[in-house]
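Just so we're on the same page: letters track the sequence lines, and every chain starts at 1.
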Amino acid sequence: MASEPGGFTEYIQHHLTFLKPHASPDGFWAVHLDSIGVSLVLGAIFCLWFWLKARKATAGVPSKGQAFVELVLEFVDGQVKDVFHGDRRILGPLALTVFVWVFLMNFMDLLPVDLIPWIASKFGLGHFRAVPTADLNMTFAMSITVLALMIFYSFKAKGFGGYMHELFTAPFGKHPVLWIPNFALNIVELLSKPVSLAMRLFGNMYAGELVFILIAGLFSAGGVALYSLGLIGYTVWGIFHILIISIQAFIFMVLTVVYIAMAHEHH
Amino acid sequence: MEFNATLIGEMISFAILIWICVQFIWPHINKAIEERQLKIAEGLGAAERAHAELKDADAKVADEIRKARQQASEIIDKAQQQANQILDKARVDAVAEVDRQKAMAQDEIASMAQRAREELRERVGALAVQGASKIVQREIDPAAHKALLDQLAAEV
């Protein structure tokens with residue numbers, strides 16, 4: 001059944017195909033409308049949610065909603081405070097946005113893997129991937145933004161001369177012969193950070209989604225036994241995945257803070 | 001994409017997942033939220049109480065200061081009274097002393113005058129006798145004429 005039309009392979013392939021504009025299904029302008037749409041909607045939900053709670057915030061006994069937002073805020077701020085000893089007015093909100101946004105995008109993984117594509121099909125959308133963080137474009141978009149921030153804060157903290165001096169003289173030494181190896185190593189180090197950041201999140205989410213799709217295959221495999229096995233497997237993997245999406249959001253947030261804090265440090 | 005058994009199975013699993021979240025995950029978050037609310041409420045209550053206590057203490061302090069001031073003025077009044085009393089008594093004493101001294105001096109003056117008079121009288125008597133004896137040119141028996149002389153002296 002693997003190769004026949006409408007079979008399992010096609011099912012998987014269908015699930016792994018992004019929604020692209022009809023006008024340019026390939027090439028540079030083949031943007032993933034589903035990833036962009038879902039991430040924008042989730043970002044808007046996050047902003048609206050926290051903004052509403054912040055607007056109604058009282059100094060007295062908080063409502064449950066406010067207390068929850070405060071708990072999240074305090075948790076993130078505590079993490080930033082542990083890593084970065086400086087002005088947290090930009091890094092704090094950045095970390096909060098990264099944490100909540102990535103968590104919400106990861107959370108799409110927990111929704112039934114066929115639910116959103118099915119709803120989308122009712123609107124005439126043939127393909128729809130609901131988990132933006134299982135899209136390499138999305139995770140790289142975030143990690144390259146972090147790279148830009150790292151470079152920006154390196155310049156800001158050390159000045160152009162200071163940063164250049166550091167790029168060419170650390171970690172081996174000041175001797176002119178060592179300038180090229182120093183620079184090469186620093187570039188590799190600098191570029192490895194966004195790559196590892198993006199690949200880690202993408203890998204976890206993509207694998208998680210794929211496991212959901214594979215288990216979902218059991219539902220249509222036929223037979224009550226396999227169907228029950230599918231139910232159990234899907235549920236167990238879902239429970240396990242709650243942990244994964246939280247940890248991945250946390251790791252992405254912490255590493256973002258660590259990288260930007262490192263950009264502030266002088267060698 | 002069709003609605004089929006796969007989607008139903010996923011929905012059932014999702015429902016179980018939600019149930020597990022409600023049962024095992026949400027209570028922890030809820031507990032943290034409620035603890036936070038309780039802590040804030042307690043903190044605010046404690047602050048309120050401390051504020052009220054401070055107010056009480058302030059009122060008590062003001063009361064004590066007022067009392068102390070009153071007491072001090074009472075003490076000053078009493079002292080002034082006492083000083084006046086002492087002054088009055090000293091004045092009375094001084095006047096009495098002056099009177100006494102004056103009386104003593106007057107007594108002395110009187111007794112000295114008396115003594116001087118008597119002495120004068122005696123001397124005048126003696127002089128009179130001497131003079132008389134010179135006049136008479138003869139010895140007068142002082143004993144025989146004593147009564148006469150004494151009478152003379154007394155008249156002087």
Full working for side chain to side chain contact (heavy atoms under 4.5 Å, CB included) between A/W118 and B/T6:
CA-CA 11 Å; A/W118 176 63; B/T6 302; over 6 Å; no

If you apply the rule side chain to side chain contact (heavy atoms under 4.5 Å, CB included), what do you find for B/L17 with A/H241, and how did you get there?
CA-CA 10 Å; B/L17 202 64; A/H241 216 57; over 6 Å; no

Derivation of the side chain to side chain contact (heavy atoms under 4.5 Å, CB included) call for A/L115 and B/M11
CA-CA 8 Å; A/L115 179 64; B/M11 296 290 268; 3.9 Å; yes

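Scanning both residues, A/I242 and B/C21, for their nearest heavy atoms gives CD1-SG, 3.7 Å. Closest non-hydrogen pair, A/T235 versus B/I16, comes out as CG2-CG2, 3.4 Å. The two atoms that bring A/P62 and B/Q37 nearest to each other are O-NE2, 2.7 Å, heavy atoms only. Residues A/L231 and B/G9 approach most closely at CD2-O, 3.3 Å, considering heavy atoms.
Residue contact with chain B, scored on non-hydrogen atoms closer than 4.5 Å, involves the backbone and the side chain of A/Y234 alike. For A/I232, no part lies near chain B; criterion is any non-hydrogen pair under 4.5 Å. With a 4.5 angstrom heavy-atom cutoff, B/I33 touches chain A via backbone and side-chain atoms both. At a 4.5 Å heavy-atom cutoff, the contact between A/L111 and chain B is made by backbone and side-chain atoms alike.
Atom CZ of A/F50 sits in a crowded spot, with more than 12 heavy atoms from other residues, nucleotides or ligands closer than 6.0 Å. Within a 6.0 Å sphere centred on CD of B/E74, other residues, nucleotides and ligands contribute more than 12 heavy atoms. Counting heavy-atom neighbours within 6.0 Å of A/F75 CZ, excluding the residue itself, gives a total above 12. Around atom CD of B/E108, no more than 12 heavy atoms belonging to other residues, nucleotides or ligands sit under 6.0 Å away.
Residue A/D114 holds its CG atom at 11.5 Å from CD1 of B/I8, rounded to the nearest 0.5 Å. If you take OG on A/S246 and CD1 on B/I25, they are separated by 7.5 Å, rounding to the nearest 0.5 Å. Separation of atoms OG (B/S13) and CZ (A/F219) is listed at 4.5 Å; rounding is to 0.5 Å. To the nearest 0.5 angstrom, A/K64 atom NZ is 11.5 Å from B/I29 atom CD1.
Not a single donor-acceptor pair under 3.5 Å links the side chain of B/E10 to the backbone N or O of A/A216.
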